[in-house]
Number of protein chains: 2
Amino acid sequence: MRRVAARTGRRKVFGDMYGTADQNILGRTDLFRGLSPESLRELRRSAVRRRLAPYDPVFHQGDPAETFYIVAEGRLRVTQTTADGQQVIIRYIGPTEVAGLAVLAGDELHPSTATAVADSEVIGISRAIIREVMARHPEVAMNAVSVIAARYREMQQRLRELSTQNVERRIAHTVLRLAQEAGRRTARGIEIAFPLSRQDLAEMTGTTLHTVSRVLSAWESRGLVDSGRRRVVVRRPHELALLADAAG
Amino acid sequence: MRRVAARTGRRKVFGDMYGTADQNILGRTDLFRGLSPESLRELRRSAVRRRLAPYDPVFHQGDPAETFYIVAEGRLRVTQTTADGQQVIIRYIGPTEVAGLAVLAGDELHPSTATAVADSEVIGISRAIIREVMARHPEVAMNAVSVIAARYREMQQRLRELSTQNVERRIAHTVLRLAQEAGRRTARGIEIAFPLSRQDLAEMTGTTLHTVSRVLSAWESRGLVDSGRRRVVVRRPHELALLADAAG
DNA sequence: ACTGTGCTTTGATCCTCCTCAAAGATTTGC
DNA sequence: GCAAATCTTTGAGGAGGATCAAAGCACAGT
């Protein structure tokens, strides 16, 4: 069926796409919302900051789930690989978001792999610490419930799309979502602000890079998007949204 | 709507000691694991028991998320309907499991519909109560994290299957999972112990009832399953598992 | 400026699986 | 017990998208 070639990791610098606003990022996360400044400070002391270049791994599928991460800057890609080597992109993760939910749940292993796709900074917090914080601050545990529930809902939506929509609509929805969460306004339209290849879009929508390429080419000739090597700019979000919601 | 005759042999009698039975089932859930007997008793007093016949709705997509449910007996089907009326089955929910996770997360609305598919008994707990219990008992909030995380993982798995596997493998995996979680050992094999139509399987695997019918017919002629009107019996689980894990 | 590597495009062909259609089987309601 | 409703089966045909193949293009490093 859909055969996906293995990626060969190769490091590249994608430039500095992000501002360097680095305040107390922890306090701005959904997970730690409402936590007292003292507790946040304490948390910060036990947290470890890591800098990542594109292609740097954060954790691997199957690793012991010892540490989870808050993204302070940049973007991570979360993937799962099947037994026969096919890859699926679960999600991209941006500033203030959590990577490594399994750690919050106290699971043994990371079910997925997280990799930087841009120069990034993440803040690592150990399982022991977060479990203790949740036990001492129920509001954090309740925040965690909300965070994971939101992911669960997202996943339901994607499942629904994959079950009921044709490839073009799925790609449209996916591109619009990425533009929403990682879009940067430019003269030409909304640019997805991290490198995104045809292969990546294929792994998010359950299709092949060839089909993604054909669809983007068609859109390009209609003036809906402007895309190139690992780059997608949405020129007419509204028209693309119409296409995403059309029957089929 | 049409009703289905009650199944014999699987029913537990609650009768006038059902208060105690409730408490037992609550204590056996992953959500309330570790909660003290007094707290469980308190919880049970504020809980409401509902009996359901097949096709009875528990809550609807879009309803305010006021109450969630623990299934004491029977089985619920959780579905989502798209704008254009297509339905997807998110999950089946059996004894000790939770329906209505949105309530735990404090969301405004139920994102999905839950319906009984067999004679069932559920225990309803209000948002106010559970939120208060989680706030007072962090271990319950942490249990909730684990419960939702487990659902999230399930969803990732289905997404992966839908993205990478052909129809036959997806149906095989789905049937095996259902046999696992709702299987009843019989002389002929493992029977999925609730009514399950071709249409249902199609809505779980992102295909059509026609294709499901053809696949089951093929399996039947190979002796892998034995199926009929809303009934599926797995005769050779091992061979079906091989098929589910084969390439393609 | 040149070269190698990876990314993208496009054509041609094939095949799963969907759609349309209709009949058969099982259950329920009256 | 009969009719109506619901569920299942099967065939024929077609479409969407995968696969195979090859060339074109952009970028990083030298």
Side-chain angles (χ1 to χ4, degrees), chain A residues 1-15 53-55 84 86-87 117 161-172 192 194-203 205-221 225-233 246-248, chain B residues 1-7 53-55 84 86-87 117 161-172 192 194-203 205-221 225-233 246-248:
Chain A
M1 206 193 160
R2 298 156 186 148
R3 179 100 216 139
V4 173
R7 288 163 190 280
T8 55
R10 186 218 216 179
R11 252 152 239 229
K12 281 182 194 171
V13 178
F14 193 72
Y55 301 99
D84 52 326
Q86 291 188 86
Q87 207 174 69
V117 295
E161 287 177 11
L162 212 45
S163 299
T164 63
Q165 299 175 357
N166 66 18
V167 170
E168 187 174 29
R169 285 184 69 185
R170 299 204 304 266
I171 298 175
I192 293 172
F194 59 87
L196 181 72
S197 68
R198 307 294 180 263
Q199 176 70 38
D200 292 329
L201 276 171
E203 289 177 12
T205 53
T207 179
T208 62
L209 72 102
H210 308 276
T211 296
V212 171
S213 178
R214 280 182 240 270
V215 167
L216 288 187
S217 294
W219 290 352
E220 188 130 26
S221 71
V225 302
D226 174 6
S227 74
R229 192 189 172 85
R230 308 216 292 161
R231 193 180 57 84
V232 178
V233 181
Chain B
M1 277 223 196
R2 201 165 42 74
R3 301 263 138 121
V4 164
R7 285 160 199 285
Y55 301 97
D84 53 325
Q86 290 190 84
Q87 207 175 67
V117 296
E161 286 178 11
L162 212 45
S163 298
T164 64
Q165 299 175 356
N166 65 20
V167 170
E168 186 174 28
R169 283 184 69 185
R170 299 203 305 266
I171 298 174
I192 293 173
F194 60 87
L196 180 73
S197 69
R198 306 294 180 262
Q199 177 70 38
D200 292 329
L201 276 170
E203 289 177 10
T205 53
T207 181
T208 61
L209 74 99
H210 308 277
T211 296
V212 172
S213 178
R214 280 182 240 271
V215 167
L216 288 187
S217 293
W219 289 352
E220 187 130 27
S221 70
V225 302
D226 174 5
S227 74
R229 192 188 172 89
R230 308 217 292 162
R231 193 179 58 84
V232 178
V233 181

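Within every chain, numbering begins at 1; the chains are lettered A, B, ... in the order of the sequence lines, protein sequences first and strands thereafter. Computed from a prediction, not measured in an experiment: that's the story for all the values here.
OP1 and OP2 of C/dC17 both lie 4.0 Å or more from every side-chain N or O belonging to B/Thr207. Considering only side-chain N and O atoms, A/Ser213 lies under 4.0 angstrom from the phosphate OP1 or OP2 of C/dT9. Dashed line: the shortest gap from a side-chain N or O of A/Ser197 to OP1 or OP2 of C/dG6 is not under 4.0 Å. Regarding contacts with the backbone of C/dT10, a side-chain N or O of A/Ser217 is found under 4.0 angstrom from either OP1 or OP2. In this structure, B/Arg198 reaches the D/dT9 phosphate: one of its side-chain N or O atoms is under 4.0 Å from OP1 or OP2.
Between the base of D/dG11 and the side chain of B/Arg214 there is a donor-acceptor pair shorter than 3.5 Å. Judged by distance alone with a 3.5 Å cut-off, no donor-acceptor contact links the side chain of B/Arg231 to the base of C/dT27.
Two end axes, each from the C1' atoms of five base pairs, can be drawn for the helix from C/dA1-D/dT30 to C/dC30-D/dG1; they diverge by 50°, to 10 degrees.
In this structure, A/Arg170 contributes its side chain and A/Gln165 its backbone to a donor-acceptor pair below 3.5 Å. At distances below 3.5 Å, at least one donor-acceptor pair connects side-chain atoms of B/Glu220 with backbone N or O atoms of B/Ser227.
A search for side-chain hydrogen bond (donor to acceptor under 3.5 Å, both in side chains) contacts involving B/Thr205 returns nothing, not counting sequence neighbours.
Contacts of A/Leu209 with the nucleic acid, taken as non-hydrogen atoms under 4.0 Å apart, include base atoms.
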